[in-house]
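Report on one structure; see the data block that follows.
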Amino acid sequence: MGSKLPLSFYRRDDVTLIARELLGKVLCTNFGGVLTSGIIVETEAYSQSEKACHAFGGKRTPRTEVFYNDGGLSYVYLCYGIHYLFNIITNAADTADAVLIRAIEPVDGVETMLRRRKMTKLEHRIGAGPGSVSQALGLTKHHNALDLTEDHVWLERRGIKVPDDQIIASPRVGVDYAGEDALLPWRYRIAGSPWVSRAK
DNA sequence: GCAATGATTTACT
DNA sequence: GTAAATCATTGCC
């Protein structure tokens, strides 16, 4: 097993750097004694300084309150009434930065993930896309604002190296309403991974 | 209190 | 490629 990422990893002030470094790390969940995990192969950075973020401009609502905690917490949000999106809160308290996990490559508990996704055999799309990731790992809104150094949801370093030339930066999708900020290349994925969502 | 909408996925034409 | 599903949060009345 790898070593759990320390809080100091999340509390740095460069959210795009954290998003890049999360590639190749392993996201783990352990609910009811069932371990499931996957290598992070696609992420997206969000910051309060750009419109695509729910907490843009320091806006506070009951939903975004968790953004203003210290880094190292989970943020699970229900989108389109159907899909849960898993984010990691980064940076210091009162600074609303976060990284969205968009795709994983299954590692542990594959059978459990298949059952959760109602699939009979392993397909590349099992962890492709933020809604799919959450479903495969069993994350729901009940797992919002969890401490990522506890033993239910956490991230590990397993010595997987992702060289810079294997990281592709591209504009984010689904954020057209953000205007110019939608063009920021804050979406990162591992080149050549078959587990990422279909490139657009 | 109520209507509009979204950090998406899936299935169908 | 296009459209529908579906509901918590949000913002305005």
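Heavy-atom basis, side chains included; hydrogens, waters and symmetry copies ignored. Note that this is a predicted model, so its numbers are computed, not measured. Just so it is clear: chains get the letters A, B, ... in the order the sequence lines come, proteins before strands, and each one is counted from 1.
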Checklist entry - Can you name the one residue among Leu73(A), Ile88(A), Ile89(A), Leu7(A) that meets side-chain contact (heavy atoms from CB on, under 4.5 Å) with Leu148(A)? => result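 Looking at Leu73(A), Ile88(A), Ile89(A), Leu7(A), the match for Leu148(A) under the side-chain contact (heavy atoms from CB on, under 4.5 Å) is Ile88(A).
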
Item to check | Qualifying residue, where the test is side-chain contact (heavy atoms from CB on, under 4.5 Å) with Arg189(A) and the options are Val196(A), Thr43(A), Val41(A) | outcome: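 Considering Val196(A), Thr43(A), Val41(A), a side-chain contact (heavy atoms from CB on, under 4.5 Å) with Arg189(A) is found only for Val196(A).
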
Next on the checklist: With a 6.0 Å cut-off on the ring centroids, do Phe67(A) and Tyr75(A) count as close?
Outcome noted: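 Yes, ring centres under 6.0 Å apart.
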
Next on the checklist: Counting the benzene-type ring for Trp, do Phe31(A) and His152(A) have ring centres under 6.0 Å apart?
Outcome noted: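 No; His152(A) has its ring centre 6.0 Å or more from that of Phe31(A).
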
Interatomic distance where [atom1] belongs to [X] and [atom2] belongs to [N] [whole Å]:
{"X": "Arg60(A)", "N": "dT10(C)", "atom1": "CZ", "atom2": "P", "value": "13 Å"}
{"X": "Arg116(A)", "N": "dT9(B)", "atom1": "CZ", "atom2": "C1'", "value": "19 Å"}
{"X": "Ile82(A)", "N": "dA7(B)", "atom1": "CD1", "atom2": "P", "value": "14 Å"}
{"X": "Gln135(A)", "N": "dA7(B)", "atom1": "CD", "atom2": "P", "value": "20 Å"}
{"X": "His142(A)", "N": "dA8(C)", "atom1": "NE2", "atom2": "P", "value": "11 Å"}
{"X": "Asn87(A)", "N": "dG6(B)", "atom1": "CG", "atom2": "C1'", "value": "14 Å"}
{"X": "Tyr84(A)", "N": "dA5(C)", "atom1": "OH", "atom2": "P", "value": "19 Å"}
{"X": "His83(A)", "N": "dT6(C)", "atom1": "NE2", "atom2": "P", "value": "10 Å"}

Checklist outcome for this item: Dot-bracket for DNA chain C, 5' to 3', Watson-Crick and G-U pairs with both distances under 3.5 Å, [ ] for crossing pairs, | for partner on another strand, reads |||||.||||||.

Counting the atoms with a prime plus P, OP1 and OP2 as sugar-phosphate, which does [X] contact under 4.0 Å by heavy atoms, base, sugar-phosphate, or nothing?
{"X": "Leu78(A)", "value": "sugar-phosphate"}
{"X": "Tyr75(A)", "value": "base"}
{"X": "Lys59(A)", "value": "sugar-phosphate"}

Next on the checklist: Are dG6(B) and Tyr80(A) stacked, with the base six-membered ring and the side-chain ring centres under 5.5 Å apart and planes under 30°?
Outcome noted: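 Per 5.5 Å and 30° rule: yes, stacked.
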
Next on the checklist: If hydrophobic clusters are built by linking Ile, Leu, Val, Met, Phe, Trp and Tyr wherever their side-chain heavy atoms come under 4.5 Å apart, do Leu35(A) and Phe86(A) end up in the same one?
Outcome noted: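 Result: no, two separate clusters.
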
Checklist entry - What about Tyr84(A) and Trp154(A), same hydrophobic cluster or not, with Ile/Leu/Val/Met/Phe/Trp/Tyr joined at side-chain heavy-atom distances under 4.5 Å? => result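 Hydrophobic grouping puts Tyr84(A) apart from Trp154(A).
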
Distance below 4.0 Å between [X] side-chain N/O and [N] OP1 or OP2:
{"X": "Arg102(A)", "N": "dA7(B)", "answer": "no"}
{"X": "Arg63(A)", "N": "dA7(B)", "answer": "no"}
{"X": "Lys51(A)", "N": "dG6(B)", "answer": "no"}
{"X": "Thr61(A)", "N": "dT10(C)", "answer": "yes"}
{"X": "His54(A)", "N": "dA7(B)", "answer": "yes"}

Item to check | Out of dT10(C), dA5(C), dA8(C), whichever nucleotide has its closest atom nearest the side chain of Lys141(A) | outcome: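 In terms of side-chain proximity for Lys141(A), the closest of dT10(C), dA5(C), dA8(C) is dA8(C).
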
Checklist entry - If you check every side-chain atom of Pro130(A), which of dT10(C), dA7(B), dT9(B) has the closest atom? => result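 Within the option list, the nearest is dT9(B).
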
Item to check | Working for salt bridge (charged side-chain N to carboxylate O under 4.0 Å, His left out), residues Asp97(A) and Arg12(A) | outcome: CA-CA 10 Å; Asp97(A) 289 357; Arg12(A) 290 171 295 169; over 6 Å; no

Next on the checklist: Can you confirm whether more than 12 heavy atoms, excluding those of Gln166(A), are under 6.0 Å from its CD atom?
Outcome noted: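 Counting neighbours around CD of Gln166(A), more than 12 heavy atoms of other residues, nucleotides or ligands fall under 6.0 Å, so yes.
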
